[in-house]
Structure formats: structure tokens, C-alpha cells
Amino acid sequence: MSFWPTTTDELILEQKRLATLSFSRWEKPPEPFISAGVFVCYGRNVAGAGKKGDLGWATAVALFPDGSVKVFRVSGRATFDYIPGLLALRDGPLLEKAVLGLGIRPEILFVNATSRDHPYRAGLALHLGYKLDVPTVGITRNPLIAEGSLPGIKRGDKFELRVGNETVAFWLRTQDNKAPLVVHPGYRLDGDSAIEVVLFYTEKYRTPEPLRLARKSARLYRAGVEDQAV
DNA sequence: GCGACAG
DNA sequence: ATCTTGTCGC
């Protein structure tokens with residue numbers, strides 16, 4: 001397990017450093033490959049769940065080309081409240097544990113977080129990918145600080161999200177007439193590859209399949225369901 | 001100064 | 001993250 005910052009000052013310094021680094025570009029391979037999703041949830045019916053000391057349930061799911069999956073679950077206590085821009089402080093260590101527990105290095109990892117759409121241009125999707133050395137795509141419901149118009153209503157319609165003059169993410173419609181999601185090119189990803197791989201994993205559902213499975217599994221884990229199928 | 005702000 | 005009211009409005 002590598003080191004995660006444990007104070008706001010440490011994290012901000014690391015984020016500023018991360019933002020200055022450049023990485024080799026990932027391209028979606030033509031051959032079948034293993035993808036993964038990772039997700040953490042906190043208490044249901046608990047006011048303000050996800051605060052310091054609260055129990056969190058994390059799950060990583062690897063999705064194989066034949067459709068089979070491998071699941072790893074791990075729980076732990078939040079060491080920080082949620083602070084916008086500092087999500088890594090609360091969720092970074094547990095998410096990393098979950099992915100490492102798979103015992104597999106996926107080709108691409110989906111994370112519920114931003115990347116360059118961030119006060120210091122280094123959100124958790126970028127940070128986690130960097131620490132694991134696994135290419136990442138961030139998926140969120142909303143931008144953090146970036147701005148842009150909503151896309152058209154057809155699957156594949158997109159619109160750039162910018163911080164100043166820099167395009168940092170995209171609104172992307174993954175299903176006709178359904179709410180768009182925000183696609184954040186993460187560690188080693190550029191915009192085209194991020195959108196390509198998201199569309200590849202959203203043939204049937206709005207959320208990319210590996211992340212959808214990880215969410216489902218984490219909520220079952222929280223509910224006490226042993227089910228290892230998903 | 002205050003609120004908003006990925007989850 | 002999670003729950004919840006209602007279709008308003010800076």
C-alpha cells in the first residue's frame with residue numbers, strides 16, 4: 001500500500017505536483033481486455049453519512065472479456081469528512097485497497113470522481129490511477145468546477161467542459177433521452193479515448209458496466225448480502 | 001462574509 | 001454519499 005496524504009495541506013501539495021506531470025497516452029486496445037470499476041458507499045438512513053468515523057463499504061469489480069467478473073470487497077472507517085476538492089483524503093486509501101485486492105491489473109479503471117476538473121487540476125480519478133499505475137476514467141453526475149453547455153439528447157452527443165480555456169472533461173449522453181454524465185479523462189487518458197471507452201461500456205446502461213457492477217456490489221455488501229456473483 | 005462545490 | 005418535496009425562485 002502506498003502513502004496517501006493525511007492532511008489537507010499534504011494533499012493539496014500532492015495535487016499541485018500531480019497536475020504538473022505528463023504521462024504516456026493510453027489507447028483502447030483492439031484485443032479483448034480486462035476493465036474494472038471501484039466504488040465506496042456509506043450508511044443508508046444515516047444523516048450526513050460519509051463523515052469522519054463513518055463505516056464505508058468499498059468494492060472493486062473486474063470485468064473480463066467473456067462477461068465474467070471478479071469481486072473484491074473491503075470496509076473501513078472514513079478518516080475525513082467529505083470536502084469538495086479533497087475527496088482523496090476520505091476515499092483514496094479504501095478505494096486503492098479495493099482495487100489492489102482484486103489481484104489483477106486491469107487495462108482501464110472507472111472511478112466515481114473527477115480528474116482535471118478540480119481546483120488544482122488533480123482530482124481523485126487522476127490521483128488513484130497514478131498511484132495504481134492503471135489508466136482511469138472518472139465518471140460523475142456533475143462537474144466540480146468546470147463549465148459547459150448540455151449535450152444533445154442522442155447517445156454519443158457530447159459537449160466540452162472547460163476550466164478557463166482548458167477542456168478538462170465532457171458532458172456525454174450515453175443513452176437517448178437519459179441524463180448525461182460527466183466523463184473525466186483520468187490517468188493517461190485523453191478525451192477521445194475516454195469517450196470511446198465509456199461508449200463501449202454503455203451499450204445497455206447509462207453508467208459504464210464495470211462501475212455499475214461495483215456500485216451494485218458495494219450496496220449489497222452494505223446490506224449484508226454475501227453474494228459473490230456481483 | 002456567505003454559499004456553492006466530485007462523493 | 002443519502003433522503004426527500006414537489007415542479008417554484010435569487
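None of the values given here were measured: they were computed from a predicted structure.
Using a cutoff of 4.0 Å between basic side-chain nitrogens and carboxylate oxygens, A:E203 and A:R155 are scored as salt-bridged.
A:H118 comes within contact range of at least one nucleobase, with a heavy-atom separation under 4.0 Å. A:T114 comes within contact range of at least one nucleobase, with a heavy-atom separation under 4.0 Å. Across all strands shown, A:R90 has heavy atoms under 4.0 Å from base atoms, whether or not it also approaches the sugar-phosphate. Within 4.0 Å of A:F80, counting heavy atoms only, lies no atom of the nucleic acid at all. Contacts of A:G85 with the nucleic acid, taken as non-hydrogen atoms under 4.0 Å apart, include base atoms. Residue contacts shown for A:L126 are absent, as no nucleic acid heavy atom lies under 4.0 Å away. Using a 4.0 Å heavy-atom criterion, one finds that A:L124 contacts the bases of the nucleic acid, with or without backbone contacts as well. Using a 4.0 Å heavy-atom criterion, one finds that A:D91 contacts no nucleic acid atom at all. Within the 4.0 angstrom heavy-atom criterion, only backbone atoms of the sugar-phosphate kind lie near A:P143; the bases stay farther away.
Once rounded to the nearest 0.5 Å, the distance linking CZ of A:R206 with OG1 of A:T174 reads 6.5 Å.
The phosphate of C:dC3 (OP1 or OP2) has a side-chain N or O of A:R44 nearer than 4.0 angstrom.
Nucleotides C:dC10 and B:dC2 place their C1' atoms 14 Å apart, quoted to the nearest Å. Comparing the same atom, P, in C:dC3 and in C:dT7 gives a spacing of 23 Å after rounding to whole Å. Atom P of C:dT4 sits at a distance of 23 Å from the matching atom of C:dC8, rounded to the whole Å. For the P atom pair drawn from C:dT2 and C:dG6, the interatomic distance equals 23 Å after rounding to whole Å.
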task = With pairs defined as Watson-Crick or G-U wobble and both distances under 3.5 angstrom, please note down DNA chain B as a dot-bracket string, | for pairing with another strand.
result = .......
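In this structure, the side chains of A:T114 and A:I145 stay at 4.5 Å or more apart for every pair of heavy atoms. Counting heavy atoms from C-beta outward, A:P208 and A:T202 have side chains that approach closer than 4.5 Å. A:E107 places none of its side-chain heavy atoms less than 4.5 Å from the side chain of A:I34. Inter-residue side-chain proximity for A:T140 and A:H184 is flagged as met; some heavy-atom pair is nearer than 4.5 Å.
Note: A:Y130 and A:Y187 have perpendicular aromatic rings, judged against thresholds of 30 and 60 degrees for the angle between ring planes.
Distance, A:H127 NE2 to B:dA6 P: 20 Å, rounded to whole Å. In this structure, A:F110 atom CZ and B:dG7 atom P are separated by 16 Å, rounded to whole Å. The distance from atom CG of A:L181 to atom P of B:dG7 is 11 Å, rounded to the nearest whole Å. Across the protein-nucleic acid pair, A:L94 atom CG and C:dA1 atom P stand 15 Å apart, rounded to whole Å. When the P atom of C:dT2 is taken as reference, atom CG of A:L55 falls 13 Å away, rounded to whole Å. In this entry the distance linking CZ of A:R121 with C1' of B:dA6 reads 15 Å, nearest Å. If you measure from atom CG of A:N142 to atom P of C:dA1, you get 11 Å, rounded to the nearest angstrom. Between A:L144 atom CG and B:dA6 atom C1' the separation is 5 Å, expressed in whole Å.
Distance from the side chain of A:R219 is smallest for C:dT2 among the nucleotides B:dG7, B:dA6, C:dT2.
Listed here is the closest heavy atom pair of A:A78 and A:Y42: CB-CE2, 4.0 Å.
Applying the side-chain hydrogen bond (donor to acceptor under 3.5 Å, both in side chains) criterion to A:T20, with sequence neighbours excluded, gives no partner residue.
The ring of A:Y42 does not lie on top of the base of C:dA1; it is either too far (5.5 Å or more) or too tilted (30° or more).
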